[in-house]
Amino acid sequence: DGSGLTDTTIFSSGGLDEERLKALIAQGAPIDGFGIGTRLDTSADAPYLDCAYKLVEYAGRPRHKRSQGKATWPGRKQVYRRLDDGVMSGDTIAIDGEALPGEGLLEPVLRGGRRLEPPPSSLTDARRRAEDQLARLPGHLRDLETSPPYPVAISTELRGLAARTRGGEPQ
């Protein structure tokens, strides 16, 4: 601006994350836009999702892994999300078919190797869904500061199923 370039747009990118954005904005940096790539979809503290398929049912009977630190809840499950005035208020992990308040989140995508529903028709549709879900997050979970964790409960029936199968509840 001091050199008369007041119509110049400044765009910043490269290694930006939410903490760096917060600092730049707090400093009053004259930046008009930000480009965030790698740090948007890759967590610096846990850069990959360490997961593996775990058998939870075989021949109609619930199963679960009992190894220390790797134990799982038995049987097919559903996650029910409760909303309070359109804002997420908590989830409950339950046995599939259990009738609990809230919206069931898990939906079959494939059966017999075939897709059950077409994929989102456009990137715009996928973006709209992501924006809708982010808007439902409680405000404190959208802040950069440490906040209370989102409440996730285990249903009474799922706890009972774990108790009835050998090994009890995961630790």
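Small disclaimer: the values here were computed from a predicted structure and weren't measured.
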Tell me every residue that passes side-chain hydrogen bond (donor to acceptor under 3.5 Å, both in side chains) with [X], counting only those two or more places apart in sequence or in another chain.
X      : value
Lys65  : none
Arg136 : none
Gln78  : none

Closest non-hydrogen atom pair, [X] against [Y]:
X      : Y      : answer
Phe34  : Leu21  : CD2-CD2, 3.1 Å
Gly35  : Leu16  : O-CD1, 4.0 Å
Ala135 : Arg142 : O-NH2, 3.8 Å
Pro148 : Leu141 : O-CD2, 3.7 Å

Any donor-acceptor N/O pair, Arg127 side chain to Leu123 backbone, under 3.5 Å: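 No; judged by distance alone, with no hydrogens or angles, the pair does not exist.
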Pairing of Asp17 and Arg20 as salt bridge, 4.0 angstrom limit: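 Between Arg20 and Asp17 there is no salt bridge, as every charged N stays at least 4.0 Å from the carboxylate O atoms.
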Side chains of Tyr150 and Met88 in contact at under 4.5 Å (non-hydrogen atoms):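 Touching, per the 4.5 Å side-chain cut-off.
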Gap separating the [atom1] atom of [X] from the [atom2] atom of [Y], nearest 0.5 angstrom:
X      : Y      : atom1 : atom2 : answer
Ile31  : Thr9   : CD1   : OG1   : 12.5 Å
Glu157 : Thr92  : CD    : OG1   : 12.0 Å
Glu18  : Leu144 : CD    : CG    : 5.5 Å

Take atom [atom1] of [X] as the centre, draw a 6.0 Å sphere, and report whether it contains more than 12 heavy atoms from other residues, nucleotides or ligands.
X      : atom1 : answer
Phe11  : CZ    : yes
Gln27  : CD    : yes
Arg111 : CZ    : no

Residue pairs passing the salt bridge (Lys or Arg N to Asp or Glu O under 4.0 Å) test where at least one lies in residues 80-92, sequence neighbours excluded: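 Pairs touching residues 80-92 that pass the test: Arg81-Asp91.
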Those residues that, when tested against Glu57, pass salt bridge (charged side-chain N to carboxylate O under 4.0 Å, His left out) (two or more places apart):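 So Glu57 forms a salt bridge (charged side-chain N to carboxylate O under 4.0 Å, His left out) with Arg76.
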Full working for salt bridge (Lys or Arg N to Asp or Glu O under 4.0 Å) between Asp125 and Arg128: CA-CA 5 Å; Asp125 290 343; Arg128 193 173 299 128; 3.3 Å; yes
Transitive ILVMFWY cluster of Tyr80, excluding itself - 4.5 Å side-chain cut-off: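 Via sub-4.5 Å side-chain contacts, Tyr80 links to Leu100.
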